[in-house]
Amino acid sequence: MSKHNRERRMGGNYVAPAIAKAQQALDDGTMRRGQLYRIDIYHDEWCALVNGNGTCNCTPIIRPPSRIPLPEEN
């Protein structure tokens, strides 16, 4: 699969930065393997991805990973 097709399938220009942010969090110890995390990505309201018209064409805000407690911790 070509890089272009992979980016279209994955949603566009925010995927690589989100993965990089997750990798950075793993590297600096903010994220630990075996835990559950979420990364919030906020797109502009006019973004083609949000409107269902194509891939992301905005510069979204990508928040740092935040840990989600496991069910046994609640």
Side-chain angles (χ1 to χ4, degrees):
M1 179 182 303
S2 74
K3 179 182 176 189
H4 177 71
N5 286 340
R6 219 176 15 252
E7 286 178 359
R8 287 187 70 181
R9 204 174 113 240
M10 295 177 76
N13 65 346
Y14 70 93
V15 176
I19 291 171
K21 196 162 280 236
Q23 185 62 54
Q24 178 185 1
L26 279 170
D27 293 344
D28 69 18
T30 304
M31 251 175 46
R32 295 186 321 248
R33 295 189 188 281
Q35 301 294 317
L36 183 61
Y37 294 85
R38 67 186 250 175
I39 297 177
D40 292 322
I41 301 171
Y42 299 96
H43 295 269
D44 292 313
E45 62 186 41
W46 49 263
C47 180
L49 181 68
V50 172
N51 292 304
N53 298 328
T55 60
C56 173
N57 61 347
C58 71
T59 305
I61 297 169
I62 302 172
R63 298 281 186 218
S66 58
R67 186 171 176 277
I68 299 172
L70 297 173
E72 57 269 15
E73 296 174 324
N74 288 328

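Keep in mind the model is a prediction, meaning the values are calculated, not measured.
Here the side chain of Asp44 pairs no donor or acceptor atom with the backbone of Trp46 at under 3.5 angstrom. Within the 3.5 Å criterion, the main-chain N or O of Pro64 finds no donor-acceptor partner in the side chain of Tyr37. Side-chain atoms of Asn57 come within 3.5 Å of backbone N or O of Ala48 as a donor-acceptor pair.
The CE atom of Met31 sits 6.0 Å away from atom CD1 of Ile39, with the distance rounded to the nearest 0.5 Å. Atom NZ in Lys21 sits 8.5 Å away from atom CZ in Arg63 (nearest 0.5 Å). We find the CZ-CD distance between Arg67 and Glu73 to be 4.0 Å, quoted to the nearest 0.5 Å.
Of all heavy-atom pairs spanning Cys56 and Cys47, the tightest one is CA-SG, 3.6 Å. Minimum heavy-atom separation, Ala22 to Pro65: CA-CG, 4.5 Å.
Cluster annotation: Tyr14 is connected to Ile19 through the hydrophobic network of ILVMFWY side chains, with a link wherever side-chain heavy atoms come within less than 4.5 Å.
Results of the side chain to side chain contact (heavy atoms under 4.5 Å, CB included) test with Pro17 over Ile41, Ile62, Thr59 single out Ile62 as the only residue that passes.
Counting heavy-atom neighbours within 6.0 Å of Glu45 CD, excluding the residue itself, gives a total of 12 or less.
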